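Predicted, not measured: the structure shown is a model, and the values here were computed from it. Letters go in sequence order (proteins before strands), and every chain restarts at 1.
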Amino acid sequence: MSGAVLVTDARKTFVASRRLFGGGTPVHAVDGVSFSIAPGRVLGIAGESGSGKSTLANLLVGLELPSGGEIAIGGRPLGRKPNADFRRSVQMVFQDPFGSINPRFTVGRTVEEPLLIHGLGSEAERHARAIAALEEAELRPGAAFMERFPHELSGGQRQRVAIARAIVLRPRLLVADEPVSMLDVSVRAGILRLLNRLVHESEMAMVFITHDLSIVASVCDELAVMYRGRFVEHGPVRAVLQKPRHPYTRALIAAVPVPDPTVPPTPLPAKLMSGGAPVAGGCRFAPRCGSAIAACETVDPVLEEAQPGHRVACIRHREIAQ
Amino acid sequence: MLALDDVSIVYTTRSGPVQAVSGVTLSLPPGGSLGLVGESGCGKSTLALAALALLPAEARLAGGAVRLDGQDLAALPEAELRKLRWTRMAYVPQSAQNALVPVHSLRRQFRDTAAAHGMRSAEADERAAALLRRVELDAAVLDRFPHELSGGMRQRAMIALALLFGPSLLVADEPTTGLDVIVQRQVIDLLRDLRGEDGLALLFISHDIGVVAELCSHVAVLYAGKVMESGPTATVFSEPDHPYTMGLQRAFPDIRHPERSIVSIAGHPPRLSSPPKGCPFAPRCPFVQPVCRDTTPPLVAVSDARAVACHFVDEAAALRERARDPALWDEAA
Amino acid sequence: MSDAVLASARPSRAREAWRAALLPFASWSGGFAACVLVLVVTVAIFAPWLSPYDPLVNHFDAAGQLRRLEPPSGTHLLGTTYYGLDVLSQLIHGTRIVLIVGITCAVLIALIGTNIGLMAGYYGGRIDTILMRATDLAFGIPFIPFAVVLVALLGPSLWNTIIAISFLMWRSTARVIRSQVLSLRERGFVKAARIAGASDMRILYVHIFPNVLPMALLYVAFDIAWAVLAEASISFLGFGDPHQTSWGQMLYLAYVSGSIRQAWWWTVPPGAALSLFVIAVFLVGREYERLANPRLR
């Protein structure tokens with residue numbers, strides 16, 4: 001088996017506005033993305049808002065149906081419509097710990113709900129599995145949390161409940177969509193470490209969606225940088241962070257504030273802010289790229305291997321890496 | 001120019017009074033920049049509102065004074081305060097990109113703001129064009145509506161609007177939260193250029209120590225409504241003296257060091273409706289000693305510029321060394 | 001590592017329910033209003049025992065004369081009507097109509113309005129458009145003429161009045177519930193249920209419905225008041241059930257018999273009772289609104 005998750009040339013096109021006659025302009029939110037993740041591995045997907053990372057997440061969990069390409073999880077392809085098998089094999093953890101669990105459900109009910117939906121186990125078994133999932137999410141003793149309501153819990157605890165709900169079905173893939181960006185700084189590390197441990201101890205794979213490149217190192221094995229619906233760079237997380245090869249990755253890294261006032265911030269190319277829309281048939285980042293040359297307007301670069309396992313979509317990546 | 005002197009703020013809630021801020025003393029000289037750092041509920045936003053005399057109805061100044069150029073804001077009538085806001089002190093709120101009026105063009109919003117303080121439309125247009133250029137926006141955006149602009153553009157337009165009367169104090173409350181990193185960088189660069197220009201002082205509130213490190217010359221670390229540590233940003237972050245600052249720093253990832261693991265600080269901030277005895281950070285502190293749970297350490301000056309509220313400030317160097325080990329924080333957690 | 005378990009113990013459900021029941025007493029007006037409602041309900045339940053006479057029996061004096069328009073006296077505490085009926089007995093029996101109309105209409109309105117709101121908000125698109133145009137239509141129909149026509153077609157009876165009221169008044173409940181569902185639909189817990197494979201019905205009734213329930217119940221409370229007022233209006237216009245004694249009916253009969261000016265004891269009790277009841281429902285509802293609408297907290 002090639003991996004827990006296999007995505008081949010996934011595409012999602014939205015038609016912007018519904019008019020009476022004809023459609024609006026189509027938006028290619030995800031425009032040909034391919035990757036695979038082995039069990040027990042974490043792929044980070046980073047990008048700005050509008051990069052398509054959230055749409056990609058929605059495709060992976062079956063909230064949206066792809067316009068093209070193939071998504072398979074644990075060898076089961078997502079056909080025309082996700083079936084119960086597919087549903088069981090992928091779960092999600094959301095950004096907002098306050099909106100992501102039902103305020104009217106007890107913690108126990110929230111964690112048991114996926115089991116109920118799939119009609120798994122007797123009442124006692126469901127109860128036991130929910131307690132086990134809570135304890136795996138480091139809410140101990142799990143039984144003490146079962147009868148509580150979300151408003152009695154802190155943000156970090158709620159996120160742990162959401163994680164317990166996500167793992168109770170033993171999915172093959174966990175999609176975490178900015179799971180710590182709304183949490184206090186002092187509890188983030190604990191959640192990241194929990195996710196990391198859950199993935200590495202089980203046969204589960206994880207996709208970790210984020211806009212914050214500074215946290216990917218502590219949770220991801222691989223990192224993909226997404227720009228306008230495509231991966232522009234994809235490789236081992238440290239390699240991408242320490243030796244970025246795509247100008248966009250470099251800009252994203254340079255833009256992250258450094259908690260050291262003695263280090264002057266790296267200036268960003270002026271074009272990055274002012275650049276306009278990409279030219280059809282050219283590189284989509286060229287209008288904002290400080291390293292763009294004339295050829296970038298005519299060649300649409302594809303991902304190519306720069307180092308073993310480290311792929312870049314830029315025609316100048318060798319010069320830039322120097 | 002801005003001086004908070006032993007400020008305490010109490011919220012009246014249905015479940016009783018909540019001491020959101022207790023005994024905070026801070027000062028911000030003309031042209032200076034001060035960052036207030038802390039996690040949610042530490043009182044940083046309340047302090048920002050107090051600095052503008054804009055506390056909500058359920059909050060009141062229970063002690064101390066807020067002075068702007070020596071003038072006690074509490075002593076001023078509301079009409080005087082209204083005149084001061086915007087002309088002398090300006091505010092960029094959280095999610096300011098949504099603070100513009102959606103149905104009016106920017107020109108209209110600049111003119112309305114100007115008219116409220118007796119500035120003519122022609123002059124407002126002229127100032128607006130200059131300010132928009134200052135925040136690196138094309139003057140043509142004056143005739144655009146907020147929904148036609150990106151989040152970053154709206155945020156910069158909001159800053160330009162705040163500067164309409166050339167205030168001497170700009171209070172910015174998490175102005176970059178929710179923005180993409182590249183846009184955030186642009187706003188930080190802009191604010192860094194603006195601070196100090198014509199003596200503009202910047203009071204900057206953030207949970208992100210990275211942003212504060214880049215933007216502010218001085219910083220105050222808040223916890224449970226109290227100042228834990230304050231001083232020049234460079235020395236506070238390179239040699240933190242308070243265990244909370246140490247933990248916060250270790251909890252923050254540094255993109256330059258992906259190999260360094262980040263830590264979490266065990267436990268929760270105390271409930272401000274029933275604060276614990278002693279140091280507010282004691283229940284979460286890995287270096288806690290019996291004395292910490294009994295007596296509240298006062299904020300004492302350790303050098304000209306730095307002040308720390310910790311019983312063991314003399315041993316700070318040794319504590320810093322121990323705090324470097326992630327295992328210390330894990331054990332506590 | 002584990003986050004510390006919060007120290008506070010959770011009050012039991014019974015205690016929570018008790019606290020909710022006592023909530024109106026937090027304010028002076030709410031407490032008074034709650035007392036009024038308790039009184040109305042008690043009187044309605046025990047009406048046959050409390051009322052001195054049968055409300056539909058004509059009273060005659062010793063000389064065999066109809067006791068027409070007698071002012072309050074020892075035998076008739078609130079006097080008699082033009083038809084020689086005991087006003088107090090009519091007033092007491094009127095509480096039963098108030099409760100039947102109020103509760104039945106509120107339940108029907110809640111059922112129709114909540115379901116339409118849930119469907120429109122959750123499915124969106126064409127279903128939403130159709131349901132919301134139907135709601136607009138319901139808003140566009142003037143209530144009294146609609147009720148009069150309906151009762152004229154179906155014949156005057158209490159049930160036809162209730163149907164007329166419920167058929168039109170679900171409109172505001174539907175709109176409010178829809179707007180709540182629109183925001184709930186985007187919340188993570190709904191997405192999580194969809195990802196886990198929950199059916200639309202399960203998401204609507206198991207996940208979303210409990211979250212709109214407080215708002216739906218609040219509207220039920222206000223609907224009780226509206227429905228009682230509407231029944232009184234229909235009865236006052238003479239389209240009520242002639243075999244039932246409702247407060248609106250009392251006012252109607254006082255009016256048509258031409259005694260509305262002289263017989264204050266016939267008109268003031270039902271009028272005052274109606275106003276008091278409606279105000280009480282609104283006051284109690286307002287206290288509970290704080291529970292349902294966090295912005296008022």
Side-chain angles (χ1 to χ4, degrees), chain A residues 18 58 60-63 82-88 90-106 109-110 113-118 135 137-141 144-145 147-150 152-157 160 162 165-166 168-169 171 175 177 187 189-190 193-194, chain C residues 1-17 19-20 118 122 124-126 128-129 177 180-217 291-294 297:
Chain A
R18 246 181 265 162
N58 286 346
L60 289 172
V61 298
L63 276 180
N83 58 15
D85 262 359
F86 185 91
R87 293 287 190 203
R88 276 178 66 173
V90 52
Q91 291 294 307
M92 189 162 180
V93 176
F94 300 87
Q95 176 176 17
D96 177 8
F98 295 88
S100 70
I101 46 182
N102 197 329
R104 305 264 157 196
F105 281 11
T106 59
R109 182 70 216 279
T110 289
E113 177 67 10
L115 299 170
L116 275 164
I117 289 171
H118 289 277
E135 300 212 330
E138 294 165 359
L139 291 172
R140 297 193 186 99
F145 284 88
E147 292 303 314
R148 288 168 167 264
F149 279 92
E152 301 168 53
L153 306 178
S154 69
Q157 288 173 327
R160 288 170 191 274
R165 171 182 63 193
V168 75
L169 283 174
V175 176
D177 186 3
V187 302
R193 206 165 316 143
L194 166 66
Chain C
M1 64 148 280
S2 85
D3 291 342
V5 175
L6 292 183
S8 73
R10 200 163 54 81
S12 71
R13 286 201 174 199
R15 260 181 67 193
E16 267 175 38
R19 271 193 14 212
L118 280 172
Y122 181 71
R126 197 162 294 170
D128 183 33
T129 311
I177 298 299
Q180 287 225 310
V181 174
L182 282 180
S183 77
L184 286 167
R185 189 177 68 170
E186 299 304 320
R187 300 269 284 277
F189 68 85
V190 173
K191 284 188 187 166
R194 279 173 65 196
I195 291 169
S199 65
D200 285 345
M201 285 300 121
R202 185 176 184 90
I203 293 172
L204 265 175
Y205 291 102
V206 176
H207 292 262
I208 294 181
F209 178 68
N211 287 283
V212 301
L213 188 64
M215 195 57 107
L217 286 177
L291 274 187
N293 187 350
R297 266 179 215 174

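Taking each heavy atom of Pro103(A) and Phe189(C) in turn, the nearest pair found is CD-CE2, 3.7 Å. Heavy-atom minimum distance, Pro214(C) versus Arg104(A): CG-NH2, 3.3 Å.
Using a 4.5 Å cut-off between heavy atoms, Arg88(A) does not touch chain C at all. Both the backbone and the side chain of Leu63(A) come within contact range of chain C, judged by heavy atoms closer than 4.5 Å. In this structure, chain C has no heavy atom under 4.5 Å from any part of Phe86(A). Using a 4.5 Å cut-off between heavy atoms, Val175(A) does not touch chain C at all. The contact between Val206(C) and chain A is made by backbone and side chain atoms together, counting heavy-atom distances below 4.5 Å.
A distance of 7.5 Å separates CD1 in Ile117(A) from CD1 in Ile203(C), rounded to the nearest 0.5 Å. Atom-to-atom distance recorded for Arg194(C):CZ and Asn58(A):CG is 8.5 Å, nearest 0.5 angstrom.
Under a 3.5 Å cut-off, the side chain of Asn102(A) and the backbone N or O of His207(C) do form a donor-acceptor pair.
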